[in-house]
There are 2 protein chains.
Amino acid sequence: MRILIVEDEPTLGQQLKSTLEQNGYAVDLSTDGEDGHFLGSTEEYDAAVLDLGLPEIDGLTVLGMWRKEGRKFPVLVLTARDSWSDKVAGLDAGADDYLAKPFQTEELIARLRALIRRASGNASSELTAGDVRLDTRSGRVTLNGEPVKLTAQEYKLLSYLMHHKGKVVSRTELIEHIYDQDFDRDSNTIEVFVTRIRKKLGADVITTIRGLGYSLDDPADAPRE
Amino acid sequence: MRILIVEDEPTLGQQLKSTLEQNGYAVDLSTDGEDGHFLGSTEEYDAAVLDLGLPEIDGLTVLGMWRKEGRKFPVLVLTARDSWSDKVAGLDAGADDYLAKPFQTEELIARLRALIRRASGNASSELTAGDVRLDTRSGRVTLNGEPVKLTAQEYKLLSYLMHHKGKVVSRTELIEHIYDQDFDRDSNTIEVFVTRIRKKLGADVITTIRGLGYSLDDPADAPRE
DNA sequence: GTCCTCAACAATCAGAATGCGCATCGAATA
DNA sequence: TATTCGATGCGCATTCTGATTGTTGAGGAC
């Protein structure tokens, strides 16, 4: 899962970025509204954290522009405490959740997780497909109840696929959502990790659709329509 | 389905081309208005993506010329951000949809799919004929509810036929719409793939009209005879 | 009118060529 | 030390080609 942070204060921004990365997200950080808007318009994000008090372009404006352009990723807005008007205006402009500064990072993580979960149409924080179960809260994966140890990248890849169960996901899409901005798109890492996930969870969890990408299907809801 | 891209910026153009190809389209790329106009006038396309800000001949002019010549394929226009006048002028000149730059490729794909679908007079993204069902969104094909595995070419061929259900489609037309510009037109690949589709979906899905081509008929709306 | 022949077209098959995806390993990184 | 990354070569599914076989319909002979 890939996240955009737009936060003008460098210290806080960096701190957020590294916290989120530790929690298994790919993170792009932008420190001003214009750049932030551009990133949100061109790159693929699964969620954004947007500070309203930005120099140059206001956060609300950025949010408004995204929505007008049809960008649908969930946005978590950061407001100064007790700024009621901001809060209301933010929700009006299309924010999905808000958090008053200062806040605890755990809370931010939890809310982001919920946003991403809801955006993918999942009610529970536990995703399942066949014998595989993935708990987005603890970041644990089990196969038939047996815990399986996945590395960070393996987890990210699997997590994205499970969030988009049944959909055909292209290699490009995977790269865009698992890695942040600066990454060499010409490599076969995706294949490598798919191979290793298959080794750990069984070859049949991930289906290859030749020429198009991969797809994770749940045998439970597969048969006749 | 075959698509023409007219985009002067080489990087973006190439990127679009490969994304679309990954999604199962045959793509021709032109980097200037004159050449683009020529291609659109002489070749057979199911849709075009046209950048308005072209050197030499303006995109609007190209579009206008196509329409005056009676070219009817749907055109998706790319405009610079917030260029209201462009947008209006584009729609006036006969554009079917527009997208402001910068945009997300997923959005472009979705809109193109919608354009092609509407152009063939289909309301839904699910095409059916007899026991065969094709979902253009997920790219899946089922026979009596059972999923059928088709290769890329097989899918393209079937998809074109299903978009033109009931119509007699010549071999030439098929070649023109599922391959791009540089392809040896003297070969019997079409026959080969028709054979293989028949093997997978039943011999009666595709009817041969000797001397003319093929036709895919839906027994449901075939009159008594 | 019936049957036969032939030419044109279509279908099928097998082998060759291509290209995609996979696995493995060594290097880089943290 | 564990993990991630990038490169290479291999294997196999897919695609294409060309040859062969099968089908259809028109025209001519009877």
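Computed over heavy atoms, backbone and side chain alike; hydrogens, waters and symmetry mates excluded. A, B, ... follow the sequence lines: proteins, then strands. Residue 1 opens every chain.
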Are A:Thr189 and D:dT4 close enough that a side-chain N or O sits under 4.0 Å from OP1 or OP2?
-> no

Would you mind reading off the distance between A:Arg171 atom CZ and C:dC22 atom C1', rounded to a whole angstrom?
-> 11 Å

Value in whole Å for how far the P atom of D:dA19 lies from CG of B:Asn188 | 11 Å

Separation of A:Glu154 atom CD from D:dA2 atom C1', in whole Å?
-> 11 Å

Can you check whether B:Thr151 has a side-chain N or O nearer than 4.0 Å to OP1 or OP2 of D:dA13?
-> no

Kindly indicate whether the side chain of B:Arg210 and the base of D:dT23 share any N or O donor-acceptor pair separated by less than 3.5 Å?
-> yes

The side chain of A:Ala152 lies closest to which of these nucleotides: C:dA11, C:dC22, D:dT4?
-> D:dT4

Would you indicate, yes or no, if C:dC20 has its OP1 or OP2 atom less than 4.0 angstrom from a side-chain nitrogen or oxygen of A:Tyr214?
-> no

Which whole-number value in Å describes the distance from A:Glu21 CD to D:dT4 C1'?
-> 15 Å

Of all the heavy-atom pairs spanning B:Ile197 and B:Glu154, show the shortest one and how long it is.
-> CD1-O, 3.5 Å

Of all heavy-atom pairs linking B:Tyr98 and B:Arg111, the shortest is O-NH1, 3.1 Å

May I have the distance from B:Ile175 (atom CD1) to D:dT15 (atom C1'), rounded to whole angstrom?
-> 14 Å

Interatomic distance where CG belongs to B:Leu174 and C1' belongs to C:dA10 [whole Å] | 14 Å

Between atom NZ in B:Lys156 and atom P in D:dC16, what is the gap in whole Å?
-> 9 Å

Salt-bridge criterion met for B:Glu7 and B:Lys101 (N-O under 4.0 Å) | yes

Of the nucleotides C:dG21, D:dT3, D:dC5, which has the atom closest to the A:Lys149 side chain?
-> D:dT3

Side-chain N or O of B:Lys199 less than 4.0 angstrom from OP1 or OP2 on C:dC13?
-> yes

Ion pair check, B:Glu173 and B:Lys167, cut-off under 4.0 Å = yes

Return no unless some side-chain N or O of B:Thr195 is found under 4.0 Å from OP1 or OP2 of C:dT12.
-> yes

Any A:Arg196 side-chain nitrogen or oxygen under 4.0 Å from OP1 or OP2 of C:dA23 = no

Are B:Thr189 and B:Arg171 linked by a side-chain donor-acceptor pair shorter than 3.5 Å?
-> no

OP1 or OP2 of D:dT3 sitting under 4.0 Å from any side-chain N/O of A:Tyr155?
-> no

So does A:Gln153 get a side-chain nitrogen or oxygen closer than 4.0 Å to the phosphate oxygens (OP1/OP2) of D:dC5?
-> yes

Modelled atom types, side-chain donor and acceptor of A:Tyr179 and A:Arg2, under 3.5 Å = no

Under-4.0 Å side-chain N/O to phosphate OP1/OP2 contact, A:Tyr179 with D:dT4 = no

Starting at atom CD1 of B:Ile190, determine the distance to atom P of C:dT12, rounded to an integer number of angstrom.
-> 15 Å

Assign B:Val194 to base, sugar-phosphate, or nothing according to its heavy-atom contacts below 4.0 angstrom with the strands shown.
-> nothing

